[in-house]
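Just so it is clear: chains get the letters A, B, ... in the order the sequence lines come, proteins before strands, and each one is counted from 1.
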There are 2 protein chains.
Amino acid sequence: MENFNEIKKTKIFAEICENDMQALAYCLKIKFRNYNKNEVIVSPEQPFEEVVLLLKGGAKIEDMDSSGNICLVTKLKAGDMFGIENLFAGDLVFSDYLTATDNTLVMLMNKHRLITPCQNKCKRHDIIIKNLMRMIVERNSFLVEKLKLLSKKNTREKVLAYLHKQSVISGSTYFDIPFNKTELANYLSVDRSALSTVLSKLRDEGVIDYEKKHFHILKSEK
Amino acid sequence: MENFNEIKKTKIFAEICENDMQALAYCLKIKFRNYNKNEVIVSPEQPFEEVVLLLKGGAKIEDMDSSGNICLVTKLKAGDMFGIENLFAGDLVFSDYLTATDNTLVMLMNKHRLITPCQNKCKRHDIIIKNLMRMIVERNSFLVEKLKLLSKKNTREKVLAYLHKQSVISGSTYFDIPFNKTELANYLSVDRSALSTVLSKLRDEGVIDYEKKHFHILKSEK
DNA sequence: TAAATTGTGTTGTTTTTACAACATTTTGAG
DNA sequence: CTCAAAATGTTGTAAAAACAACACAATTTA
């Protein structure tokens, strides 16, 4: 089956064999699309009726408010999904931009079919629903964590909380972040030059060290 | 059945008749608890193995960081749930406080049972799972919206975006918000006195008017 | 009802941030 | 390799926010 190598690595289709996937592909009205780096996959201007599963490459979710300020919600990697917020929505108008950050292969699924279990042909649909629920719950946790980050009262605390989190995730005081400085500023919703100043100060104080996307936490403040 | 009047009004148990609920009660290991106003229902200090469904009264979810700053994540009303983030988590340590804002009745459910469909006795379990998924997706949308709110670059924009949203929800330029000013400041993650200053300024400019928790939007800025 | 607690608005001070402008460095495309 | 574009760090300035202290109003509770 087309692209099955990528499909079987995703969380939502883990444990599904190629035969069952064949049935699911029909049931979920699967389509594949390729995008070049920096190409817009979904935008608020062009409503989108499906749910997106990233199979290869990378993408970023951004929101732009009426003043033109960009909020980088998150970056997606293979196996991540986009459009979950609209799973149950009848008419689907995304308010976010999904943009490829690499050459990217995505799979589109019919959102109605996805959430509606069917007994006859694709017997594995109930597994998909449970996997889907797990992913949504994980996304939920991620959003709550980001909410707490943005609730910090100044840039220094945002940065330290973010770096601490990344350090815990990687299991080391040495780690790479998925953002460049401009993106990190958007992610933390602060001015880029202000972020640069804070990072420099933290380095001067010997709290952290960094080089491009590579960071090292030297002192863990209480 | 005990408290069925409240149960049938919730989203997750809508469409479930009393008989089926009886079976579900057993399957989900349901328990009921009463809390007085200001009593802590769940706290990070006391790990909690279940998922909470609010049946009567109200509650608020708060997060406190290491510096003691409080982030008011949201207020809950009857029918809302707490603990969804930990549905799939093995060992369950909540990092948030859930506090009753009124005299409150809650229902506790076994999280493992909730996400695991069973065929034999409680045939309605699949409906519950779909309802649950819908609630999680809605919570997801809520979190994304709040994220966008906190991404605004100053207090004025946060306030205006929040009030605009509330206005849209209520379908009128006159509406009540569920917070007092202190809570609103926590919700928007800004200093209370700074919020007060911004609100006064907006009133002076004739953009909004307000009295306690009642607001009126006079001019809708682009 | 009186007293205590909580909520609210105001003001002045200090700190932090956004913003703009700029010099370098790095990256990527042709 | 070369050139243009993008990323990065720095600085100064103006705006905004946090913070603290206070007065007074509203609400709760004993």
Notebook entry, point to check: Want to settle it: does A:Y210 or B:S189 sit nearer the 5' end of DNA chain D, counting the closest nucleotide to each?
Noted result: A:Y210

Next item on the list: Rounded off to whole Å, could you give me the CG-to-C1' distance for the A:L150 and D:dA17 pair?
Entry: 17 Å

Next item on the list: Could you give me the CA-CA distance, side-chain angles and deciding distance for A:E145 and A:Y162, then say whether side chain to side chain donor-acceptor pair (under 3.5 Å) is met?
Entry: CA-CA 10 Å; A:E145 289 304 310; A:Y162 175 74; over 6 Å; no

Check: Whole-Å distance between C:dA29 P and A:N36 CG?
Finding: 11 Å

Checklist line | B:K201 and B:D204 ion-paired at < 4.0 Å | finding: no

Notebook entry, point to check: Where the side chain of B:V198 is concerned, which of D:dA18, D:dA17, C:dT10 is the nearest nucleotide?
Noted result: D:dA17

Notebook entry, point to check: Would you call B:R156 and B:E205 a salt bridge, taking side-chain N to carboxylate O under 4.0 Å as the test?
Noted result: yes

Note to self: If you assign each of A:K213 and A:K153 to its closest nucleotide in DNA chain D, which residue comes earlier from the 5' end?
What the structure shows: A:K213

Note to self: Using the side-chain heavy atoms of A:D191, tell me which of these nucleotides is nearest: C:dA18, D:dA7, C:dT8.
What the structure shows: C:dA18

Next item on the list: Measure the distance from NZ on A:K152 to P on C:dT15 and round it to the nearest whole Å.
Entry: 22 Å

Check: Which residue lies toward the 5' end of DNA chain C, A:K212 or A:R192, if each is placed at its nearest nucleotide?
Finding: A:R192

Notebook entry, point to check: If only side-chain N and O atoms of A:S196 are considered, is one of them under 4.0 Å from the OP1 or OP2 phosphate oxygen of D:dT10?
Noted result: no

Note to self: Whether A:T197 contacts D:dT11 is assessed here as follows: a side-chain N or O lying under 4.0 Å from the phosphate OP1 or OP2. Is that the case?
What the structure shows: no

Notebook entry, point to check: Tell me: NZ of B:K201 to P of C:dG9, nearest whole Å?
Noted result: 17 Å

Note to self: Please report the distance, rounded to the nearest Å, between NZ in B:K37 and P in C:dT5.
What the structure shows: 16 Å

Notebook entry, point to check: Can you check whether A:K181 has a side-chain N or O nearer than 4.0 Å to OP1 or OP2 of D:dG9?
Noted result: yes

Margin query: Which nucleotide wins on minimum distance to the side chain of A:A194, given the candidates C:dT17, D:dA18, D:dA17?
Written below: C:dT17

Next item on the list: Kindly say if B:N180 contacts the phosphate of C:dT8, meaning a side-chain N or O under 4.0 Å from OP1 or OP2.
Entry: yes

Item checked: For atom CG of B:N186 and atom P of D:dA17, their distance in whole Å -> 16 Å

Next item on the list: Report the distance from atom CG of B:L199 to atom P of C:dT8, rounded to the nearest whole Å.
Entry: 10 Å

Item checked: Presence of donor-acceptor pair under 3.5 Å, side chain of B:S193 and base of D:dA17 -> no

Item checked: Sidechain N-carboxylate O distance under 4.0 Å for B:K148, A:D96 -> yes

Note to self: Both conditions, 6.0 Å and 45 degrees, for the charged tip of B:K146 above the ring of B:Y187: are they met here?
What the structure shows: yes

Checklist line | Nearest-angstrom distance from the residue atom CD1 of A:I70 to P of C:dA18 | finding: 15 Å

